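A short worksheet on the structure shown next.
In listed order, ligands and their atoms are each counted from 1. Hydrogens, waters and symmetry mates are skipped; everything else that's a heavy atom, side chains included, is used. Quick caveat, the model's predicted, so the values are computed rather than measured.
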Amino acid sequence: MSCSPPGTPGSGPLPPEGIDDEASHSVVQRRVRVSGSGPVTAPSFGEDLGALRARVRALVEEWLARGRFTPQCDAWLRGHDPAFSEALAANGWIGMTWPPELGGGGRSNASRLVVTEELLRAGAPVAAHWIGDRQIGPAILRHGSAALRRAYLPRIARGEVTFCLGMSETESGSDLASVRTVAEPVEGGWRLRGSKIWTSHAHRSTHAYVLARTDSSGSKHEGLTEFIVDLAADGVEVRPIHDLRGDHHFNEVTFDGVFVPDDHVLGTPGNGWKQVTEQLAFERGGMERVLSTYPLLAATVAAADRPTPEVAARIGETLARLATLRRLAWRIVVAMDAGEAPIRQAAMLKDLGTVFEGDVNELARAVLQVEPDPSAPGQAGLLAQGVLAAPGFTIRGGSTEVLRTIIARAATEPGRPDDPSGLRSVADDVLDGHGGDPPGEPAVPPPIWSTVTELGWPGVGTPEERGGSGGELGDLAVLVEACGRHTVAVPLAETAWARMLLAQAGRPLTEDIATVALPHGEFPTLDGGSLSGTVSRVPWGCAARRLVVPARDATGAVVLIALAPEAPGVVREPGTNLAGEPRDLVRFEEVPVGGEDVAGPVPDVHGLAATGVLLRAAAIVGALETAVARTIAHITVREQFGRPLIAFQAVGGILARMDSHLTLARTAVDAAVAASRDGTDVDRAAAAFVIAGMAATEVARGAHQLHGAIGVTREHPLHLATRRLWSWRDELGGDRHWARLLGERLVPLGPDGVWNWVTHDLDVADHGTP
Ligand SMILES: Cc1cc2nc3c(=O)[nH]c(=O)nc-3n(C[C@H](O)[C@H](O)[C@H](O)COP(=O)(O)OP(=O)(O)OC[C@H]3O[C@@H](n4cnc5c(N)ncnc54)[C@H](O)[C@@H]3O)c2cc1C
């Protein structure tokens, strides 16, 4: 069967009611020009972060060279060396964000991220100051009296005062508000009675933060108070507990009538619950929730010299996850710098990050194929450390189940989506109500396509002087994402991508539908002016009025050929993907090609595909958003056992995972867009597609599970998003292919090069938007 003739652009019905065509045209064009009219304003961190990073590395290397520490997994909890902490303090790297008059550095949280991630990467012994620097100092700064701030912040910043965290008790773990340690008011202060457990480094710290009950008359969230306790005080007893590794960092700490002066109450008596939940954003939102096993990952990358395709794919996926989690951590510090307490994002980072840390162990097992040996140096020792530490990752700092409850609750609260340029809401206005199944006719896009073309969307991302609509790749990604969100089946991504390639090759642009016939195996060949070969699964191949065909010429180089599909020898046969979108076969049977139709050679074949891959990832993000939104709508009204489904924790846990994966996919696309200032960044685009593909799997699975039988029908609209997700993750070679490619491109860089790739965006001049 061959394709029927394509529809005529512009012949569709008028734009939908409620849209003033002229007005929306000018709005979109203006939006695109506005956001594309200059570089995105980079957040200012007030210092050269690249230089700061280099200084931290120099200190770490000096200590390593002197044999002062051996890199280990989970060093931020286990590597306790006050001398190292003092060396950091001497450089101003403790209390970096606190005001200078209180001993701090007056620097940004982004600067602190640079320092902490370099130390974590090195597996350096930072445990002595970690708790004080990360959360108790910030808590004192936020809630402490002026006297408490003056008394403690400078000494923490100098490394003289070290803190342990007295939250958990034998009977109070996940339910922290149920603590039984009490403090009674006495003359000049409080008497503390009770005991805390799992208190890391209580035996080595000078002070403890303690959450205690001071009033039992109200609800359990009321009447809690935070205290700063001197561990040298009478009545404090510390009992050691050894962990799975045999290490002693845990303790049980008993307070037997310990006197705490009034001025050591942190904040307001009774306000402890509100204060402690804010503190948890600091506790959960850092890279220590991602990098506990990084020394093992670095050893694995170093060992995977010539990876098999399977190993390359696993490493590529791991590094895509790591880079995206790191980008999420960056967003958290930017929010903190803006004075926010990003509790939800911090919970997501900790949930996704701690699962990642555990998965690094499994990657290392598969790649290194050594037996874990606690007494061995190198790979076997690191693997032993990682395996024995891993069970604690998803427990400490709030267990996975607790985090998912927080995330699920936040997901159901109304919120406004990020829309810095306003383009998202313009696109929503245009596309709303036009979603649905693709038309059965493969050569004819739905009527909304004429509106989309009149608005100039297919030319977005191509400069006006080259015949495009202006704007940047990021603007186009917003529009493509909107098509995914509204499940509108139009060839926007394909046409815009083809037009970009034509513009880059200096070839005339088409006003009509265009597509890129990108082969996933052998390229068609161009020999003696004649093109031969077959490309399958070409999106909108039958509808296209212009085909952009990468082909191999007689020298073996890849060139780009622009063809009209009416050319003799072009044969097209319709096909569809799982969502019914056109994915057609295009055969070239000795098609005559003139020299003016050929451009190239193409320097980077992967670069050719990268824009398409990035746009596909953006479309996936749109469909993910719809699948999550439909699921929330369903589980908040659907009742079983007399309650809405969302009231059940198991249901909330699935929703939380879906929402976290959506956030991760969006973060990965944002990172790829930000990195693509001078052409699409292949590695970031690959990472975005890999993460989006993973999210597609996770979200579609969760959405169907939570919809029950109704989701398995064509009557319910969920399938419009999920069938697309299942299709798109396997297109353009599929997420596994791009994971493999990413692994093959990054592994040769070695651990240092890989780390530079992961952390690149903070140090470059144009940081992009977080
Ligand atoms: C390495 C490590 C270091 C630590 N360091 C400190 C420290 O320095 N200071 C400190 O105060 N604490 C510390 N902790 C304690 C940690 O905060 C607690 O272990 C954690 O809050 C969980 O409490 P729990 O161990 O009592 O588990 P529980 O609360 O008993 O939970 C056990 C399991 O049941 C699940 N669960 C509990 N309630 C629910 C529910 N309602 N629905 C579904 N599932 C549920 C949990 O998710 C978990 O999987 C540390 C823990 C570890 C592992």
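- Scanning the protein for heavy atoms near atom 25 (O) of ligand 1, the closest one is I395 CG2, 4.2 Å.
- A salt bridge between E160 and R155 is absent, with no side-chain N of the basic residue lying under 4.0 Å from a carboxylate O of the acidic one.
- In terms of protein heavy atoms, atom 37 (C) of ligand 1 is closest to S174 OG, 3.4 Å.
- Taking all heavy atoms of E401, Q649, R396, E283 into account, the minimum distance to atom 51 (C) of ligand 1 is reached by R396.
- With sequence neighbours excluded, the residues satisfying ring pair (Phe, Tyr, Trp, His ring centres under 6.0 Å) with W190 are F227.
- Atom 53 (C) of ligand 1 has G392 CA, 3.9 Å as its closest protein atom, hydrogens excluded (heavy atom only).
- Atom 34 (O) of ligand 1 is never approached by the protein to below 4.0 angstrom, counting heavy atoms only.
- Inside a 4.0 Å radius of atom 39 (C) of ligand 1 there is not any protein heavy atom.
- A salt bridge links E278 and R142; the closest N-O separation between the charged side-chain nitrogens and carboxylate oxygens is under 4.0 Å.
- Nearest approach of L368 to A299, heavy atoms of both residues: CD2-O, 4.2 Å.
- Between the side chain of H221 and the backbone N or O of K274, no donor-acceptor pair lies under 3.5 Å.
- In this structure, atom 1 (C) of ligand 1 has protein heavy atoms in its sub-4.0 angstrom surroundings.
- Contact annotation for atom 10 (C) of ligand 1: protein present (non-hydrogen atoms, distance under 4.0 Å).
- Less than 4.0 angstrom separates atom 19 (O) of ligand 1 from at least one non-hydrogen atom of the protein.
- Among W198, F250, F393, the residue whose heavy atom lies closest to atom 7 (C) of ligand 1 is W198.
- Salt-bridge formation is detected for the pair E118/R121: a Lys NZ or Arg NE/NH1/NH2 atom is positioned less than 4.0 Å from an Asp or Glu carboxylate oxygen.
- For atom 17 (O) of ligand 1, the closest non-hydrogen atom on the protein side is S168 OG, 3.3 Å.
- Those atoms of ligand 1 that come under 4.0 Å of a heavy atom in M167, given as number and element, are 11 (O).
- No salt bridge links R314 with E317; every basic N to acidic carboxylate O contact stays at or beyond 4.0 Å.
- Interface atoms of ligand 1 facing G173, defined by a heavy-atom separation under 4.0 Å, are 21 (O), 23 (O), 24 (P), 26 (O), 29 (O).
- The shortest N/O to N/O separation between S200 and ligand 1 falls below 3.5 Å.
- Ion pairing of E283 with K350 is absent here, as no side-chain N (NZ or NE/NH1/NH2) approaches a carboxylate O to less than 4.0 Å.
- Relative to the ring axis of F648, R643 places its NZ or CZ within 45° and under 6.0 Å from the centre.
- Around atom CD of E639, more than 12 heavy atoms belonging to other residues, nucleotides or ligands sit under 6.0 Å away.
- For ligand 1, the atoms closer than 4.0 angstrom to any heavy atom of S399 are 46 (C), 47 (O).
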